[in-house]
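Here the structure comes first, spelled out in structure tokens, and everything after it is commentary.
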Amino acid sequence: MFALTEKNRSIAQLLLNTGTCPRCVFRFCCVGLQASYRHPYKDLLRELHEFLEYNKEKEDKFCCEIADPPRKRIRLENMGEGAEDLSQNGALQQAPVADDVNVAMENSTQKVCNVCLGILQEFCEMDFVKKVCQKVNSAEYQFTSFVFSVSLPPQLSVRESLFEVSVVFAHPETDEDCHFLATVCSDCFKPAKNKQSIFTRMAIIKALDKIKEEDFHEHFPCPPSSPKNICAALEIQCTNGAIFVAGRYNKYSRNLPQTPWIIDGERKMESSVEELISEHLMTAFKADSFNFSSSGREDVDVRTLGSGRPFAIELVNPHRIHFTAMEMKELQQKINNSSDKIKVRDLQLVTREAIGHMKEGEEEKTKTYSALIWTDKAIQKEDIALLDDMKELKIDQKTPLRVLHRRPLAVRSRVIHTMKSEYIDDHHFRLHLKTQAGTYIKEFVHGDFGRTKPNIGLLLKRTADILELDVESVDVDWPPTLND
């Protein structure tokens, strides 16, 4: 009897169209009968195609009896071209199919499974089993029992479903079985801060690989004695792979840090950009925790205007992961309505890999600022006009005193690409700057006791200080702009 039922048909067709092999189709359809996996790959593929064809023909026949439209059949060739077979919302697109199932099978057998990468296609066949047996026989080992272990490529974890159900077993009665290994192979067992016991699985495997056979039999009976109690299932855990949300934020307050401001365990500000955004995402995605990152950061008293600063949030172990574009837009609006201190735009789901675009070439990016500057000596328009003519000004900045507690001491070279001054009065003017990312603007203005050279004070030959600073643009072309 074929393993799949009518309720599995749409899922099986979707998986097959995207390049998934029959055995992985069975796995995703929760087929638990082992016999279903033991048939040769070609037989499984043929049966799967016939199952889908038979059910499709019944559906087509039913449709013809109602409206008698031109017959359409599900495309079976090019099963691996997932991007072409799916619409944007994941639905299957209807297309003509090859009339001959054999032609479809030939096309399918040429494709490597997009989930198991061919492991369940090639290496579950009898030919490979025979190859393993020949290897064991040719090695001429003597043994009474054996363990067959499989080491799978780590990237399979990415291609599989990210939702995981794990059962934790324990057997207190035999906890001391492996203690002798710590005596015989003491170098394999080292205490670790985050481990409750030194007898980890990896440490035990390492010791078993190292211990001599005679030493093993001296300390442990073979065969082992039968325990009185069975294993206990301590807990059943459900975990989901992280979800990543990206967007851009504007910050309108001069009393709001980007991240929680806590010094010596004492909170200095009641909230932060990170918290104002994440609290709504945490609730919507029902996540356990989050990690916030952004393209640079502004000081607590600096506003971020213009198109905003790119940010990304990793939501750890989310219970909900499916959101439509409209739901994301509503979530964005909810964040914006909750506070007048920030605003979020272009909120969207992204992949882990896409976040790398936010950090790529970070120091080569440019940022635009607007600074309100005070001078001790009176100025005229002519006094500050010289700044407008300076292009690609190179400066050296020693780590500022205000961040020296969290940044290593170093001298960093940065470039001020352009400056444009606006005269206000005898002691005030506004300066618009376009600079290399990573430039300390405040220090470029007042000099930081000579730690930044040249600086505005040196260039104007007077004491200068900065009263207000705004970030007007962060020139990072990510995340993609969304249409309102």
Side-chain angles (χ1 to χ4, degrees), residues 11 23-37 115-117 119-120 123-124 145-211 216 219-244 278 281-291 313-322 352:
I11 297 175
R23 290 189 177 101
C24 283
V25 170
F26 286 173
R27 292 192 302 125
F28 286 123
C29 290
C30 301
V31 175
L33 190 63
Q34 293 184 13
S36 301
Y37 297 86
V115 177
C116 71
L117 305 180
I119 293 174
L120 299 184
F123 302 106
C124 287
S145 62
F146 69 93
V147 174
F148 184 77
S149 66
V150 178
S151 177
L152 299 174
Q155 58 268 34
L156 287 185
S157 299
V158 178
R159 291 172 172 265
E160 289 273 9
S161 170
L162 296 179
F163 180 67
E164 178 181 318
V165 180
S166 61
V167 182
V168 179
F169 289 98
H171 196 256
E173 184 182 344
T174 57
D175 273 351
E176 297 182 1
D177 279 6
C178 52
H179 286 191
F180 74 94
L181 292 171
T183 303
V184 182
C185 305
S186 58
D187 58 325
C188 296
F189 299 89
K190 298 179 181 179
K193 292 181 180 180
N194 59 341
K195 300 292 184 182
Q196 295 180 347
S197 171
I198 61 172
F199 297 101
T200 63
R201 186 181 305 276
M202 292 303 297
I204 292 171
I205 291 174
K206 185 178 178 180
L208 289 174
D209 287 340
K210 184 177 181 180
I211 192 172
F216 179 86
H219 292 87
F220 194 79
C222 190
S225 58
S226 297
K228 296 179 181 178
N229 303 302
I230 64 172
C231 260
L234 293 184
E235 58 181 329
I236 300 174
Q237 300 174 332
C238 295
T239 55
N240 216 351
I243 290 292
F244 298 86
S278 64
L281 297 180
M282 287 279 289
T283 301
F285 285 80
K286 300 180 180 179
D288 289 351
S289 59
F290 70 92
N291 296 304
I313 294 182
E314 176 187 12
L315 294 156
V316 180
N317 193 25
H319 289 229
R320 183 184 175 188
I321 62 174
H322 299 300
R352 182 189 296 271

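Hydrogens, waters and symmetry mates are skipped; everything else that's a heavy atom, side chains included, is used.
Distance check: Ile211 CD1 to Ile204 CD1 gives 12.0 Å after rounding to the nearest 0.5 Å. With rounding to the nearest 0.5 angstrom, the NE2 atom of His179 is 10.0 Å from the OG1 atom of Thr174. Expressed to the nearest 0.5 Å, how far CG of Asn317 lies from NZ of Lys286 amounts to 13.0 Å. Note: Cys188 SG to Met202 CE = 11.0 Å, rounded to the nearest 0.5 Å. The CZ atom of Phe199 sits 7.5 Å away from the CG atom of Leu181 when rounded to the nearest 0.5 Å. If you take CD1 on Ile313 and CE on Met282, they are separated by 10.0 Å, rounding to the nearest 0.5 Å.
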Could you walk me through whether Asp187 and Lys210 pass the side-chain contact (heavy atoms from CB on, under 4.5 Å) check? CA-CA 10 Å; Asp187 58 325; Lys210 184 177 181 180; 2.4 Å; yes

Report the C-alpha separation of Cys116 and Arg23 in whole Å, then their side-chain angles, then the decisive distance to 0.1 Å, and conclude whether the side-chain contact (heavy atoms from CB on, under 4.5 Å) test is met. CA-CA 9 Å; Cys116 71; Arg23 290 189 177 101; over 6 Å; no

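Of the possible donor and acceptor atoms, one in the side chain of Glu173 sits under 3.5 Å from a partner among the backbone N and O of Asn229. No side-chain donor-acceptor contact under 3.5 Å links Asn240 to the backbone of His319.
Within 6.0 Å of CG in Leu234 there are more than 12 heavy atoms belonging to other residues, nucleotides or ligands. Residue Glu235 qualifies as enclosed at atom CD: its count of foreign heavy atoms under 6.0 Å is above 12.
In plain terms, the two heavy atoms of Pro318 and Gly241 that are nearest each other are CD-O, 3.3 Å. Considering every non-hydrogen atom in both Ser36 and Phe26, the closest pair reads O-CE1, 3.5 Å. Across every non-hydrogen atom of Val184 and His219, the tightest pair is CG2-CE1, 3.7 Å.
With a 4.5 Å cut-off on side-chain heavy atoms, Val115 and Arg27 count as touching. Residues Phe285 and Ile243 are in side-chain contact: their nearest non-hydrogen atoms beyond the backbone lie under 4.5 Å apart. Taking 4.5 Å as the limit, every side-chain heavy atom of Leu120 sits out of range of all side-chain heavy atoms of Tyr37. Between Phe216 and Leu208, some side-chain heavy-atom pair lies under the 4.5 Å cut-off.
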